[in-house]
*Asks:* 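Would you mind keeping the following structure in view while I ask a few things?
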Amino acid sequence: MQKSIFIEDIRSGKYDGEVVDLKGWITRTRGSNKIRFIVLRDSTGRIQCVAKRDVVGDAVFENLKAALIETSIELRGIVNVDDRSDGGYELVIQSANVIGEVNPESPFPITESAMANSDGGETEFLLDHRHLYLRTSRMTQMLKIRSSVFGAIHRYFRERDFTEYHAPNFVAGAVEGGSTLFEVPYFGRKAYLTQSWQLYAEAAMPALERLYTIAPSFRAEKSRTRRHLTEFWHAEMEIAWAGNSDVMEHGEKLVRTIAKTLLDERTEELTELNRDLDLISRYADNPYPRMRYDEAVEILQDMKVDIEWGQDLDYSKEKVLTQDFDVPHFLTHYPKIAKPFYHRPDPEDPKYVLCHDLLAPEGYGEIIGGGERTWSEAEILQRIDEEGTPRGPYEFYIDIRRYGGVPHGGFGLGVDRICSWLSGAEHIREVIPFPRDSRRVTP
RNA sequence: GCCGUGUUAGCUUAGUUGGUGGAGCGGCGGACUGUUAAUCCGCAGGUCGUGGGUUCAAAUCCCCCACACGGCGCCA
């Protein structure tokens, strides 16, 4: 039953002149009364298959004529090198067996016209039919690129002896501001969906020293932008005996490794998506400059952007700042007042914290946020109180610092954002199979 | 939370100064021996998002609502 021959095997020339059995789905069909062309699709590509009435007989020919788009089918035929076929290969059909038919009363809804004006963006109709839209070449390419990005992240950390570590998804407190928490009923109490793995990772830091995860994070933000999801995949790392610049170094190497991996594994998909491979090479090969917050504010003020020292850099400002960047840039040393309590104040000037954001070019914005943690008990209590954050939910987090605290840090990377940026997507929704935002939880 | 745009056939859409809605794709039927978004001929398919108002007459003008999409704030 298991399939052994894939379309890419045929197109790579392994079966020239041989009789093969091919299983797949019909993606396009056309022809006359005497000859029928079936474009077959599987997970590895497409190939034109030709049925001639005088070869296959009337019964098979009529079956093929009646088979609609997305019918699943088994074909037996001879692999033929023929440049009249797109891709240079075709299958000359000898026999055919329909496995799963498609009812003409409800034909496959994802038609050329359904995708006509989407421009890679996504219409309501395509989002409502996401479970079927996944079969299109664009989504298939996105999903493969996504898989390579996940693989690259795991490989990066495992090659450096990081331990994969898992935090709970039900939590009691927030990492970011409390308004963006999803509240869920929990046996008569309230719990929340996690926004980050970080606080729990810091608990294991003294045990594992180098740890990472890739896990979903949840934020109840009513954001309607091409960069936001309410459920997104978060790659996070935490490392003991490390400062801000050590953490940044890992962030830079990781992102460059991801870009390099796509060039190794997914040039075909990127090319089909019309992505400029020279850009990806640039992101893989060049170092990422580092810039202090103060410098960024000065640059923006020189550009006549309305910003005052102490303000966080929102997207409109990031966009202006990054428009001339040709590689991602780190922004470091934000004012303490713009960042949450777990960022460690700079001992050299406690107005600032030891943190960094990595900003992607081409208008994709922030893809990494990280830094050195506030690691001593005294300092964390001071920061929490300064912020007016209640201590209660963070008692365990404070307790960690009472037993041999050490300098440490980490970052969180938005995996979907990386996928979106590197694939050149119009919208972050394009790179995740079933996107969740403030207005959509279905299908 | 705020701002903007939109909702017409299964899909993508046209619809003029208000006068009972037109096309392409898809489906069905037919023609065609090499197509490749195949082509050609024909058929079916519409409470014009909901509710109200103006008018002799509303897809079209006005109001409410619903839903969607885009953008902002926030962030990965």
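Proteins come first, then strands; the chains are lettered A, B, ... in the order of their sequence lines, and each starts at number 1. Note that the structure is predicted; figures quoted are calculated from it, not measured.
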*Asks:* With A/R11 as the cation and A/Y89 as the aromatic partner, state whether NZ or CZ is under 6.0 Å from the six-membered ring centre and within 45° of the axis.
*Replies:* no
*Asks:* Which of these nucleotides, B/G34, B/G26, B/C72, is closest to any side-chain atom of A/R227?
*Replies:* B/C72
*Asks:* For B/U16, what is the paired nucleotide under Watson-Crick or G-U wobble rules, both distances under 3.5 Å?
*Replies:* none
*Asks:* I want to know whether A/Y212 and A/H154 have ring centres closer than 6.0 Å.
*Replies:* yes
*Asks:* Quick one: label A/D54 by what it contacts on the DNA or RNA (base, sugar-phosphate, nothing), any heavy atom closer than 4.0 Å.
*Replies:* nothing
*Asks:* Check every strand shown and say whether A/Q48 touches a base, only sugar-phosphate, or nothing at a heavy-atom separation below 4.0 Å.
*Replies:* base
*Asks:* Going by atom types only, do A/T374 and A/R383 share a side-chain donor-acceptor pair under 3.5 Å?
*Replies:* no
*Asks:* To the nearest Å, give me how far apart CZ (A/F108) and C1' (B/G10) are.
*Replies:* 13 Å
*Asks:* Out of B/C11, B/G34, B/G71, which has the shortest distance to the side chain of A/F125?
*Replies:* B/C11
*Asks:* With a 4.0 Å cut-off on heavy atoms, is A/R36 in touch with a base, just the backbone sugar-phosphate, or nothing at all?
*Replies:* nothing
*Asks:* Indicate, with a heavy-atom threshold strictly under 4.0 Å, whether A/S217 touches base, sugar-phosphate, or nothing.
*Replies:* nothing
*Asks:* Could you give the CG-to-C1' distance, from A/L229 to B/A76, as a whole number of Å?
*Replies:* 10 Å
*Asks:* With the side chain of A/E221 defined as its heavy atoms from C-beta on, choose the nearest nucleotide among B/C74, B/C69, B/C25.
*Replies:* B/C74
*Asks:* Within the structure shown, what part of the strands sits under 4.0 Å from A/E90 by heavy-atom distance: base, sugar-phosphate, or nothing?
*Replies:* base
*Asks:* Specify the separation, in whole Å, of atom CG of A/D314 and atom C1' of B/C72.
*Replies:* 9 Å
